[in-house]
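Read through the structure below, which is laid out as structure tokens, and then see the notes.
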Amino acid sequence: MAEQSLPVVAEDAATEERPASGQDISRRALLGTAGATGLVLGAAGGAVGYAAAPAAATPLTSVGSTEVMFHVKHQPGITDGLQARGHLVAFDLAAGAGRKEAAALLRRWSETARRLMAGETTGPHDTDVARDAGPSSLTLTFGFGHSFFSRTGLQKQRPVALDPLPDFSSDQLDKARSNGDLWVQIGADDALVAFHALRAVQKDAGSAAKVRWQMNGFNRTPGATAHPMTARNLMGQLDGTRNPKPGEPDFDQRVFVPESGTPAWMANGSYAVVRRIRMLLDDWEKLSLGTQEAVIGRRKANGAALSGGTETTPMDLEKTDAKGDLLVPVNAHARITRPDQNGGAAILRRPFSYHDGIDADGTPDAGLLFVCWQADPLRGFVPLQRKLDRGDALSQYIRHESSGLFAVPGGAAEGEYVGQRLLEG
């Protein structure tokens, strides 16, 4: 929904391996010679990725071979291509658990992530759920919530940017499904690979932390379209047209905390705003095609702005029709969320769709697991959402039902675990 903003339509150590028949066999080995070749080829592309864009179209038989690197400058799962399956899960530290227990947990989680992302097993007690699969573009991303710092005695290290988000008029938030001490984002192009990682993360938590909430999402499978294209959401709209992209001059400035930033442990990190946004699909689907396009400000078929051109043609906000009416309505979602309409505020949206069943009255519980990334939410998400609060045509067709803000540190170097500079600093 957006130009690049929010809700819906976007504009815009030695490896321990499993013994089998007297030999050690990892998930990677099970791929065979052809799969191993794919792993090598996939590693380079997976490590680079493209921000919230669809993964490259590849034959479905090679989807499982793509590997994303764990030890990178920025944590995986931020600029990598959209994956077909996703799990978002928040944990609260157990009573009595503190900094020591948190450090041990992050160490376990980091090692598990490294192994699974490389297509290996978690060790001799692996569940075998993903035994036959390759890495499948698996990524695991870890973050800290506001409450984590008081639980671990690290209040002085809590970033100002992690201050609680303000209230918004569209919020109908369930506190039980919001926030949390720790947050984990899991994405993969295979549902079993993604579930396997989710189960491993939960088991690793042991007695140190308990699940606070967990949500499941999906996107289109890479290779399902004839060529790479912007993803669609459950409203049928192209979602992500105006996302900032790596290589743009101000991309890092908008998305990542600089190496000279504060606090020092957040260098090369980012802040994730996570929201469960329910789409009121029954109401939306009653609208005519023309009305839906006016709400968004873009053509449903190809994502082109109502002012003309193709999906990537700049939107002409002043262009009018023969009657003198603006082609892009003043309250169109795509107009309101443009950076040049919000003091340059921009976010990197990387969402998953969700469907959690059908209510007793037949209403689908479906929508968007909205995840956006920025160097500072007070200069990214907050001004955009405030603007949307004041008159976005899309607001009557969506409902914000849960929310969280998490500090996601930079990637772990070889021999380190995620968050080590915070927990051992």
Side-chain angles (χ1 to χ4, degrees), residues 1-12 52 54 82 84-86 168-174 177 215-221 224-225 229-243 275-307 310-311 315 325-337 349-372 384-385 388-389 391-403:
M1 327 196 253
E3 279 291 277
Q4 68 198 13
S5 84
L6 115 14
V8 253
V9 185
E11 261 289 83
D12 296 291
L82 294 177
R85 304 295 296 189
F168 301 105
S169 63
S170 58
D171 288 355
Q172 298 183 37
L173 306 182
D174 178 357
R177 292 196 296 182
M215 302 173 189
N216 309 311
F218 57 89
N219 285 304
R220 178 172 277 156
T221 301
T225 56
M229 60 179 293
T230 306
R232 291 189 184 272
N233 59 38
L234 299 189
M235 286 181 163
Q237 302 289 155
L238 293 182
D239 194 342
T241 298
R242 292 278 300 175
N243 250 345
R275 298 206 137 202
R276 184 182 191 272
I277 303 175
R278 185 162 180 168
M279 296 177 176
L280 309 182
L281 294 178
D282 285 345
D283 293 338
W284 175 257
E285 291 165 1
K286 291 176 183 176
L287 302 179
S288 68
L289 175 61
T291 302
Q292 289 181 352
E293 293 180 337
V295 168
I296 301 304
R298 288 185 173 272
R299 299 294 179 196
K300 195 171 185 179
N302 60 7
L306 296 185
S307 56
T310 66
E311 181 185 359
M315 182 176 290
D325 296 325
L326 289 169
L327 290 177
V328 181
V330 293
N331 61 348
H333 187 75
R335 173 189 286 267
I336 291 176
T337 58
R349 304 171 69 265
R350 195 177 184 278
F352 292 94
S353 292
Y354 78 86
H355 179 223
D356 289 342
I358 300 173
D359 293 346
D361 63 357
T363 302
D365 183 1
L368 199 71
L369 300 182
F370 173 80
V371 183
C372 76
L384 286 172
Q385 185 58 32
L388 290 166
D389 253 11
D392 176 28
L394 184 62
S395 61
Q396 62 182 300
Y397 303 105
I398 60 174
R399 188 165 63 221
H400 294 238
E401 297 186 334
S402 70
S403 179

Would a 4.5 Å heavy-atom cut-off, applied to side chains only, mark [X] and [Y] as touching?
| X | Y | answer |
| --- | --- | --- |
| Ile296 | Leu394 | yes |
| Ile398 | Met235 | yes |
| Ser353 | Met279 | no |
| Leu306 | Arg299 | yes |
| Pro364 | Asp282 | yes |
| Leu234 | Leu368 | no |
| Glu311 | Met229 | no |
| Arg275 | Leu173 | yes |

- Per the salt bridge (charged side-chain N to carboxylate O under 4.0 Å, His left out) rule, which among Asp174, Asp171, Asp365 passes with Arg276?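 Testing each of Asp174, Asp171, Asp365 against Arg276, the sole residue satisfying salt bridge (charged side-chain N to carboxylate O under 4.0 Å, His left out) is Asp365.
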- Query: Should Phe218 and His355 be marked as a side chain to side chain contact (heavy atoms under 4.5 Å, CB included) after you check the CA-CA gap, both sets of side-chain angles, and the distance that decides it?
  - Reply: CA-CA 9 Å; Phe218 57 89; His355 179 223; 4.3 Å; yes
Reported [atom1]-to-[atom2] distance for the pair [X] and [Y], which is rounded to 0.5 angstrom:
| X | Y | atom1 | atom2 | value |
| --- | --- | --- | --- | --- |
| Leu281 | Lys286 | CG | NZ | 12.0 Å |
| His400 | Ser169 | NE2 | OG | 9.0 Å |
| Asp392 | Arg335 | CG | CZ | 12.5 Å |

Any residue meeting side-chain hydrogen bond (donor to acceptor under 3.5 Å, both in side chains) with [X], in chain and number order, not counting sequence neighbours:
| X | result |
| --- | --- |
| Asp283 | none |
| Arg232 | none |
| Asn331 | none |

So, [X] side chain and [Y] main chain: donor-acceptor pair closer than 3.5 Å or not?
| X | Y | result |
| --- | --- | --- |
| Asn243 | Arg349 | yes |
| Ser288 | Thr291 | yes |
| Asp359 | Asp361 | no |
| Asp389 | Phe168 | no |
| Asn219 | Pro351 | yes |

- I would like to know whether Arg177 and Met215 meet side chain to side chain contact (heavy atoms under 4.5 Å, CB included); could you show each step before the answer? CA-CA 9 Å; Arg177 292 196 296 182; Met215 302 173 189; 4.1 Å; yes
- Search all heavy atoms of Ala294 against all heavy atoms of Pro329 and return the closest pair with its distance.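 Smallest interatomic distance, heavy atoms only, reads O-CG, 3.6 Å.
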- Message: To check you understand the geometry: which heavy-atom pair defines the closest contact between Ile336 and Val330, and what is its length?
- Response: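 Taking Ile336 first and Val330 second, the nearest heavy atoms are CG1-O, 4.0 Å.
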- State whether Glu293 and Lys300 are salt-bridged, where the test is any N-O pair (Lys NZ or Arg NE/NH1/NH2 against Asp/Glu carboxylate O) under 4.0 Å.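 Between Lys300 and Glu293 there is no salt bridge, as every charged N stays at least 4.0 Å from the carboxylate O atoms.
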- Arg278/Asp356 salt bridge by N-O under 4.0 Å criterion: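 Salt bridge flag = no for Arg278 with Asp356.
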- Message: Pair Thr310, Asn302 - check side chain to side chain contact (heavy atoms under 4.5 Å, CB included), show working.
- Response: CA-CA 7 Å; Thr310 66; Asn302 60 7; over 6 Å; no
